[in-house]
Amino acid sequence: METRKGPPSDVASIIGQLRRPKRMVVTAGMPYANGPLHLGHLAGAQLPADIYARWCRMLIGAENVLYVCGTDEHGSTSEIAAVQAGLPIREYIDRIQQAQKKTLERYCISLDAFTGTSQPETFPLQRELAHEFLTRFSRNGLLEKRATRQWFDPKMGRFLPDRYVRGRCPNPQCDNEDAYSDECDRCGQQHAPAALLNPRSTLSDAVPELRETVHWWLDMWSVSETLREWISGKEKTWRRAMLSEVLETVMPSVRLDRAHEATYKEIKASLPKHKSKLARGKELVVQFGNKADLESGRAILEQHGVRVELVDEWAHRSITRDIGWGIPITEDPDLAGKTLYVWPDSLIAPISFSKVALRDKGVDPARYADFWRDPEARVVQFLGQDNVYFYVLMQGAMWLGTQEDPRRLPAAGELQLTDVFGCFHLLVGGEKMSKSRGNFFTGDQLLDEKGYSVDQIRYYLALLSLAEKPSDFDFEKLDERNKFLAGPMNAAFERPISAVHSKFGGKVPEGALLDKVVADTVRIVQRYVRAMDRADYPNLLFEIENYARTINSLFTQYKPHDDRHPEQGRRDALYTSFYVLKTLMIMLYPFVPETMDRLRASLRLPPEVFRLEELGTPIPAGHEIGAKQPYFPAPSREGET
């Protein structure tokens with residue numbers, strides 16, 4: 001969304017100048033089917049996506065918005081969790097999926113569909129879509145068959161994912177006896193699985209064996225220039241940290257040993273435009289602006305005896321696995337018994353979820369194309385920062401790989417590349433959540449054991465700056481914010497309602513809008529539409545809080561509740577207060593929908609009031625106002641253990 005040039009002077013002009021997509025899909029990072037939804041799921045994915053989906057419905061109408069998500073049910077994570085729970089995998093996954101769905105409903109996450117990749121309403125669609133993708137990848141030359149050696153548990157009779165093999169770190173300076181088979185989380189060293197010392201299976205404690213296995217690998221390098229072009233075009237709209245990460249990855253680069261650094265410095269002026277940086281201690285990475293410059297620079301370096309290595313590891317990923325639980329690979333007999341890797345499976349899942357949502361609405365699922373294949377539509381995805389690689393680079397390459405020509409940006413009728421909002425990790429007490437540290441909380445625990453209301457948690461999570469940095473969930477700060485909501489914010493809601501009933505017969509009085517308040521409203525609405533489009537919530541909410549104080553200021557100055565003061569000033573102030581109150585209610589609705597729906601009932605306004613065109617429009621004189629209701633509750637820590 002962008003606004004046309006020319007500063008607007010009224011709210012209607014701001015709303016009228018908005019450029020709106022025809023349709024929108026909103027989705028969020030999918031939770032694994034291995035446990036309950038925790039605070040990180042809510043704060044970093046589901047809640048910001050829900051706020052955005054509600055904003056989109058206000059922007060273009062609910063009928064033009066799909067908000068979809070589901071449980072990530074395939075792969076080893078779910079399979080092994082079911083084994084450890086001692087349950088059949090179908091029973092285990094269904095229990096988890098239903099529990100996650102219930103938690104989302106409790107938090108008023110307004111999904112059009114919450115399903116799962118193996119659910120009966122989704123799996124046939126997902127399987128068909130996966131095979132369509134694989135067929136197109138093969139046709140476009142994006143699939144490569146590779147034989148590699150992987151760990152095999154002879155006791156369990158199955159191949160093991162990297163994280164299910166532990167052993168001594170091969171780094172002689174590290175004494176970690178519990179390193180992963182591909183990486184040590186203590187010293188940070190990455191290593192080949194075969195280098196791990198004293199390996200053991202975490203499933204059976206057996207000594208695993210390295211056995212050869214064949215898999216399909218996705219060639220993202222062949223479309224990397226198109227990915228670079230697409231990502232470079234997002235420099236003014238995507239979040240800086242996320243953009244920097246993927247752009248840094250996709251830029252064409254070579255690495256050379258620092259033993260050649262002197263030679264490089266002598267000839268660097270003759271190389272095409274580039275940047276250089278140190279990497280992994282003893283290496284120098286030279287980064288070019290495009291592949292043509294890369295090849296030219298590479299040739300010059302090699303002519304001067306500098307041996308270089310292409311930095312393309314990111315661009316070649318295995319997309320099949322030796323796992324029974326997933327979408328079976330049927331296209332090649334060499335891959336019989338293998339399944340699609342859980343990441344490409346989950347990346348295409350929102351398309352299947354969209355078809356499920358449309359079918360649930362009584363709409364032909366084929367209409368998904370109106371949302372996913374139209375350049376005038378928009379798809380927005382919210383996810384954790386550590387998943388950005390998959391949602392941008394792998395998904396982007398997959399989408400391009402389905403085209404007639406994968407080496408150009410999508411045309412109308414082809415899958416459109418998506419917009420991504422990455423969020424950093426949520427900390428609790430300044431540390432990552434951990435059950436052993438006692439700072440791990442599920443969404444249900446905050447409601448059932450801590451005594452908080454849904455909107456108290458929603459509001460506080462929206463204030464955290466996860467878009468910019470890891471942020472801390474702090475119970476003291478949560479209670480401090482709840483004191484504001486129960487105090488000054490509730491007062492802004494209640495005082496006009498009390499005054500209209502005590503002094504004006506329960507009806508909005510005839511009055512004139514105060515010029516300063518109208519000007520302030522123009523400014524806050526302008527800020528609101530810009531911030532909501534960018535999912536920039538924390539600063540916006542503080543500005544909305546300041547706007548809410550307008551009502552308390554009007555009561556302090558004009559005293560509409562006290563008939564000892566001039567009547568016209570009191571009428572104007574109360575009429576203006578309801579103008580502010582309606583604007584507040586609409587702006588806060590995506591954040592705290594239950595509370596704002598109670599306020600709407602008190603104002604006796606229809607549900608259709610929650611749309612942008614209603615911003616800055618006064619409640620007419622003579623409109624009858626209902627009774628006050630409980631809005632934000634007082635801070636409570638009841639049930640805390």
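Heavy-atom basis, side chains included; hydrogens, waters and symmetry copies ignored. Numbering of residues begins at 1 and proceeds along the displayed sequence.
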To check you understand the geometry: which heavy-atom pair defines the closest contact between R239 and G422, and what is its length?
NH1-O, 2.9 Å

For the student: nearest non-hydrogen atoms of Y92 and G35, plus distance
OH-N, 4.2 Å

Identify, with sequence neighbours excluded, every residue that meets ring-ring contact (aromatic ring centres under 6.0 Å, His included) alongside Y389.
none

Are a donor atom and an acceptor atom from the side chains of K582 and T617 found within less than 3.5 Å of each other?
yes

Say whether, by atom type as modelled, one donor and one acceptor occur between the side chain of K469 and the main chain of L466 under 3.5 angstrom.
no

Show the numbers, then the answer: is there a side chain to side chain donor-acceptor pair (under 3.5 Å) between T115 and T122?
CA-CA 7 Å; T115 175; T122 302; 2.7 Å; yes

Mutual orientation of the aromatic rings belonging to Y528 and W55 [parallel < 30°, tilted 30-60°, perpendicular > 60°]:
perpendicular

Test item: L393 and I231 side chains (from C-beta on) under 4.5 Å apart, heavy atoms:
yes

After noting the C-alpha distance and the side-chain angles of V392 and W238, does the key distance pass the side-chain contact (heavy atoms from CB on, under 4.5 Å) rule?
CA-CA 11 Å; V392 177; W238 282 10; 4.0 Å; yes

Looking only at side-chain N and O atoms, does Q100 offer a donor or acceptor that is under 3.5 Å from a partner on T71?
yes

Say whether R549 and N546, considering side chains only, have a donor N or O and an acceptor N or O under 3.5 Å apart.
yes

How about T521 and Y547: does a side-chain donor come under 3.5 Å of a side-chain acceptor?
yes

Measure the shortest side-chain to side-chain distance between R598 and E594 over non-hydrogen atoms and say whether it is less than 4.5 angstrom.
yes

Heavy-atom pair with the smallest gap, counting every atom of A43 and L426:
CB-CD2, 4.0 Å

Could you tell me which non-hydrogen atom of S181 sits nearest to which non-hydrogen atom of H191, and how far apart they are?
O-CD2, 3.3 Å

Could you go through S110 and R57, starting from their C-alpha distance and side-chain angles, then the distance that decides it, and tell me whether this counts as side chain to side chain donor-acceptor pair (under 3.5 Å)?
CA-CA 11 Å; S110 58; R57 295 178 189 124; 2.7 Å; yes

Donor + acceptor pair across side chains of E73, Q119 (<3.5 Å):
yes

Side-chain H-bond candidate by donor/acceptor type, D444 with T103, under 3.5 Å
yes

Could you tell me which non-hydrogen atom of Q629 sits nearest to which non-hydrogen atom of A601, and how far apart they are?
NE2-CB, 3.3 Å

What closest approach, in Å, do F493 and L599 show between heavy atoms, and which atom pair accounts for it?
CD2-CD2, 3.9 Å

Is there a donor in the side chain of Y631 and an acceptor in the side chain of S602, or the other way round, less than 3.5 Å apart?
yes

More than 12 foreign heavy atoms under 6.0 Å from CZ of R527: is that the case here?
yes

Could you tell me if T595 and D455 have a donor-acceptor pair between their side chains, going purely by distance under 3.5 Å?
yes

Will you find, in the side chains of D474 and Y460, an N or O donor that is under 3.5 Å from an N or O acceptor?
no

Quiz question: by atom type and distance under 3.5 Å, do the side chains of Y459 and R481 form a donor-acceptor pair?
no

Determine the interplanar angle of the F475 and F441 rings, folded into 0 to 90°, and report it as parallel if under 30°, tilted if 30 to 60°, perpendicular if over 60°.
perpendicular

